[in-house]
2 protein chains.
Amino acid sequence: MVSAPLSSVSVGNGAKERLRLWIRLLRASRIVESELRERLKREFNSTLPRFDVMAALYRAPDGMLMSDLSRFLLVSNGNVTGIVDRLVSDGFVVRAQREGDRRTSIVRLTARGEEEFRSMAAIHEGWIGELLGDVAEDDARRLSAMLKSFRSNWEGEA
Amino acid sequence: MVSAPLSSVSVGNGAKERLRLWIRLLRASRIVESELRERLKREFNSTLPRFDVMAALYRAPDGMLMSDLSRFLLVSNGNVTGIVDRLVSDGFVVRAQREGDRRTSIVRLTARGEEEFRSMAAIHEGWIGELLGDVAEDDARRLSAMLKSFRSNWEGEA
DNA sequence: ACGAGATATTTCAAGCATGAAATTTCAAGA
DNA sequence: TCTTGAAATTTCATGCTTGAAATATCTCGT
């Protein structure tokens, strides 16, 4: 990944600096992601998408609709279907019918799912602390603040 | 994606701030990536991985080995095989035999591939300028510098 | 010359991701 | 009631991604 900057193909003005930023942002997140994937697989026989779904459900003890999950995680409906299917067959998650609307199903963590997630989350937090260890805590705070409002800036223009 | 912070499952000390940073970093890159994917598909009937491969080859007029590509792009060998296969069948890339070593093949952009890439790259740079438009150029520079040395920090510990 | 190991690449199975089409169910108005 | 459209979800085709196994070729010590 990480399309390098191309001095010979140029355009705007501040664009150069932002392009460089984007490339490094992408590279950094790919590196961390790939390390996380490896560790999740090794230690928990799981994946990042599964972890994300479980994290969302952990925050929602009453469960979530498939469409809520897909909205919250910024991924497509069909995608969530597959991930949840696999979590169900592993016994970490259940689909429950909702009274009064047979189209929807509420997805919830099972007790086993909760327990599994708790142990993953604790270790995951440690990993991130390690992998981003060289970012000074102060830098982390500033960077974080910088990225906080990121989405609202341009969404809806598409 | 974007596993939200979980105040109830806690661990280290500076870990909290770094976890938050990681979540936002991931979210930001997912949002930009998804917008880029959409536009590349719409405007060029292409994808980010294809763009990345073409960018790498554009910087290497003498071509690259498959293994060079895979190392440079931080993706697996098998992955590159598939992407290059598709680029070849679209006429943007060629595989050439190398004298003296029949194991390797050198991958190169075709003239059409170069031309196609030039027009993609110009527009791509504009998109990034737009999508990261609200990051002040100064912030971009600092952020960029902060991320520059990212990899060397911890790689090799795995 | 031979064989052992290293190197370069492809193939494969499994899972992730998208957007579009298909299903099923619901909500309301004629 | 009927039917038309909206809403929730699944299914499907295509492509990306990994890690492991399979191929093919090369290198080098003996």
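Order of the sequence lines fixes the chain letters, A, B, ..., with proteins taken first and strands second; residue numbering starts at 1 for each chain.
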Counting any heavy atom closer than 4.0 Å, what does A:Ser76 reach on the DNA or RNA strands: base, sugar-phosphate only, or nothing?
-> base
Whole-Å gap separating P (C:dA14) and CG (A:Asp90) | 14 Å
Rounding to a whole Å, what distance do you find between A:Arg42:CZ and D:dT18:P?
-> 16 Å
What nucleotide among D:dT10, D:dT18, D:dA8 has an atom nearest to a side-chain atom of A:Arg37?
-> D:dT18
Nearest whole angstrom, please: distance from the P of C:dA8 to the CE of B:Met64.
-> 13 Å
Selected nucleotide, minimal atom distance to A:Leu65 side chain, candidates D:dT18, D:dT9, D:dC16 | D:dT9
B:Leu69 has an atom CG; how far is it from atom P of C:dA8, in whole Å?
-> 13 Å
Only counting residues at least two apart or in another chain, list the ones meeting salt bridge (charged side-chain N to carboxylate O under 4.0 Å, His left out) with A:Glu115.
-> none
When rounded to whole Å, the CG to P distance for the pair A:Asp52 and C:dC16 reads 11 Å
Out of C:dC16, D:dC16, C:dA8, which nucleotide sits closest to the side chain of A:Asn79?
-> C:dC16
Do the side-chain N or O atoms of B:Thr104 get closer than 4.0 angstrom to the phosphate oxygens (OP1, OP2) of C:dA8?
-> no
Taking five pairs at each end of the helix from C:dA1-D:dT30 to C:dA30-D:dT1, what angle separates the two helix axes (nearest 10°)?
-> 10°
Checking all strands, does B:Thr47 fall into the base, sugar-phosphate, or nothing category for heavy-atom contacts under 4.0 angstrom?
-> sugar-phosphate
Measure from the side-chain N and O atoms of B:Thr110 to the backbone N and O of B:Gly91, and report whether any donor-acceptor pair falls under 3.5 Å.
-> yes
For the residue pair B:Arg24 and A:Ser144, confirm or rule out a side-chain donor-acceptor distance under 3.5 Å.
-> yes
Give the rounded distance in Å between these two atoms: CZ of A:Arg30 and P of D:dC16.
-> 12 Å
Contacts of A:Ser34 meeting side-chain contact (heavy atoms from CB on, under 4.5 Å) (sequence neighbours excluded), chain-then-number -> A:Arg37
Given C:dT10, D:dT10, D:dC16, which nucleotide is nearest the side-chain atoms of A:Asn77?
-> D:dT10
DNA chain D nearest-nucleotide lookup for A:Asp68 and A:Ser34: closer to the 5′ end is A:Asp68
A:Arg112 vs A:Glu116 side-chain heavy atoms within contact, under 4.5 Å | no
For A:Glu33, all residues meeting salt bridge (charged side-chain N to carboxylate O under 4.0 Å, His left out), sequence neighbours excluded = B:Arg30
How close or far is atom P of C:dC16 from atom CG of A:Leu40, stated in whole angstroms?
-> 12 Å
Summary of salt bridge (Lys or Arg N to Asp or Glu O under 4.0 Å) pairs that have at least one residue in residues 72-82 of chain A, sequence neighbours excluded = none
Return yes if some donor-acceptor pair links the side-chain N/O of A:Ser70 with the main-chain N/O of A:Met66 below 3.5 Å, else return no.
-> no
Rounded to the nearest Å, what distance is computed from the CD atom of residue B:Glu35 to the P atom of nucleotide C:dA17?
-> 18 Å
Are the side chain of B:Asp101 and the backbone of B:Arg103 linked by a donor-acceptor contact shorter than 3.5 Å?
-> yes
Under 4.0 Å between any heavy atoms, over every strand shown, what does A:Arg98 touch: base, sugar-phosphate, or nothing? Just pick one.
-> nothing
Between the protein and nucleotides 25-29 of chain C, are there any N/O to N/O pairs under 3.5 Å, and if so, what are the atom names and distances?
unit_1: C:dT25; atom_1: O3'; unit_2: A:Arg102; atom_2: N; d: 3.4
unit_1: C:dC26; atom_1: OP1; unit_2: A:Arg102; atom_2: N; d: 2.9
unit_1: C:dC26; atom_1: OP2; unit_2: A:Arg102; atom_2: NH2; d: 2.7

With ring centroids as reference points, do A:Phe117 and A:Phe92 lie under 6.0 angstrom apart?
-> no
Upstream residue (5' side of DNA chain C) when B:Ser67 and A:Arg50 are each assigned their closest nucleotide | B:Ser67
